[in-house]
Amino acid sequence: MMEIKLKLNGRNVSSHIDPGLLLIDFLRDQGCFSVKRGCETSNCGLCTVLLDGKPVLSCSVLAARAAGHHVQTLEGLQEEAAEFVGFIADQGADQCGFCNPGFVMNTIALLRENPDPTDDEIRAFLAGNLCRCSGYDGQLRGIRNYLNSRK
Amino acid sequence: MIPSRNVEVDNMIMNIQNYVRPQSLEEAYTLNQNRRSRIIGGMLWLKMGRGTVSTAIDLCDLGLDTIEETQDQFSIGAMVTLRQLELHKGLNDYTQGAMAQSVQDIVGVQFRNLATLGGSLWGRFGFSDVLTMFLAMDTWVELYKGGILPLERFASMKHDRDILVRVIVKKAPGRFVYRAMRNQRTDFPVLTCALSRLEGEYRAVLGARPGRAMVIRDSGGLLSEGITGESAAAFAAFAAETVPTGGNLRGSAAYRTHLIRVLTQRSLLELGGME
């Protein structure tokens, strides 16, 4: 066992963990159930969280690697997400909803890095978020409608 | 106390017994001499393995996550991420955007924020876009004990217990093109192709054959008069005849040989400003 200390959604957290514990399991044990386990092969993006502001796959990061850093999940970004999630829902892009937290987290990261992306830039940035239900156009339309609403 | 995961998940990934962040390369090297230790970069490929790792050696505290640019070279730390390579203005100016082109279809931004240059090159993976691209440049690797050697030589070496510290790309005057064929956007490549003209010498690098990338030079002088439609076709045919290919679930050997000819020809024409 080892002790780690990190900041989670702005709150200092310390815990004793197995060295091999993945960040996704650590976060879910801390009550962050928005972080979903999808593919186990680092491909689907469902487990996306922000590590020091950068989107990463929490299924592929050791909790120990996150020690000393700031992790943010959807639970801590409700206000920022609320700005645009309604636009995505309006397009019917939420079906089963399982991919949605990862999509929202990566969209937050996209808009922080590039507040006015083109459609191609949106597609490229979100290419690491897979959805089995929707065909992706709904998410793109929703984000485009949100961006247009700001102009 | 955080409980362990359920048994089904435990069986799918490796079991790490200890985690250490060395504060020096010597400490990291000493730990790595245990055959059951592993250096973790992005841990993305390592995560897919099974079995037990006695010590996971995390190099994140060693300051190896920067790209330093001088007039003559880039010095890229082993912990630099693929996303950093993608966004680095200097590298993309030098390679006319080929650096970003080589990594931008690797899974997604989240993946590329974790995957490291050191992990990509150390693995010498067959599927590696990164190895293909860096072999097209005048690239050297710095090993902690093994010193500085050309990437082309490193790529043919067997794995050992040394540590890849940084990658040096010399700014030889050149032009670069990168293309890859994927069955879908974020998947492993079926074939990778990088073309360069470095100080007048043409170099084609073909990877994901599915074997690791190999360098083809214009030993027959097919491009000695420059790039034309005919010389590009001739060199592409030479590359297709020379580079061994194999089949796997992503494509057959014959398909890969066909792709070598097509991608080499298109890349040469682009290098010559004709496409």
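Everything numeric here is computed off the predicted structure, so don't read it as measured data. We name chains A, B, ... by the order of the sequence lines, and we start the count at 1 in each one.
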Supply the atom-to-atom distance [X] [atom1] to [Y] [atom2], rounded to the nearest 0.5 angstrom.
X: B/I40; Y: A/R65; atom1: CD1; atom2: CZ; value: 5.0 Å
X: B/Y19; Y: A/L21; atom1: OH; atom2: CG; value: 12.5 Å
X: A/S58; Y: B/L114; atom1: OG; atom2: CG; value: 9.5 Å

Exercise. Between A/L57, A/N43, A/V56, which is the residue that forms a side-chain contact (heavy atoms from CB on, under 4.5 Å) with B/F111?
Worked result: A/L57
Which region of [X], side chain (C-beta onward) or backbone (N, CA, C, O), has a non-hydrogen atom less than 4.5 Å from a non-hydrogen atom of chain B, or is it both or neither?
X: A/E3; value: neither
X: A/A109; value: neither
X: A/C59; value: both
X: A/A63; value: neither

Problem set entry | Taking every non-hydrogen atom, the tightest pair across B/R83 and A/E113 |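 Shortest heavy-atom contact: NH2-OE2, 2.8 Å.
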Seminar exercise, completed: Ranking A/T41, A/L51, A/L110, A/V61 by heavy-atom pairs under 4.5 Å to chain B gives rank one to A/T41
For this session: For chain B, find which of A/A64, A/A67, A/G68 contributes the most heavy-atom pairs closer than 4.5 angstrom.
Result: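 Maximum pair count with chain B is reached by A/A64.
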Problem set entry | Heavy-atom donor-acceptor pair, B/K47 side chain to A/S42 backbone, under 3.5 Å | no
Exercise. Taking B/N113 for the side chain and A/K54 for the main chain, is one N or O donor matched with an acceptor at less than 3.5 Å?
Worked result: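 Not at all, since once roles are kept as given, no pair shorter than 3.5 Å links the two residues.
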Exercise. Do other residues, nucleotides or ligands put more than 12 heavy atoms under 6.0 Å from the CZ atom of B/R161?
Worked result: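 Counting other residues, nucleotides and ligands, CZ of B/R161 exceeds 12 neighbours.
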Exercise. Does CZ in A/R150 sit with more than 12 non-hydrogen atoms of other residues, nucleotides or ligands closer than 6.0 Å?
Worked result: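 It does: A/R150 CZ has more than 12 such atoms within range.
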Problem set entry | Distance-only side-chain donor-acceptor flag, A/D18 / B/Q17, under 3.5 Å |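 No pair is found: no donor N or O on one side chain lies under 3.5 Å from an acceptor on the other.
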Exercise. If you count heavy-atom pairs under 4.5 Å with chain A, which of B/D58, B/T186, B/L46, B/V53 comes out on top?
Worked result: B/D58
Problem set entry | Residue pair A/L22, B/M43: steps toward the side-chain contact (heavy atoms from CB on, under 4.5 Å) verdict | CA-CA 11 Å; A/L22 293 171; B/M43 208 182 80; 3.9 Å; yes
Problem set entry | Contact class of B/N18 relative to chain A, heavy atoms under 4.5 angstrom |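 The backbone, not the side chain.
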Exercise. Given the rule in the side-chain contact (heavy atoms from CB on, under 4.5 Å) test, do B/Q110 and A/N129 qualify, once you have shown the distances and angles that lead to the verdict?
Worked result: CA-CA 9 Å; B/Q110 308 95 310; A/N129 289 87; 3.1 Å; yes
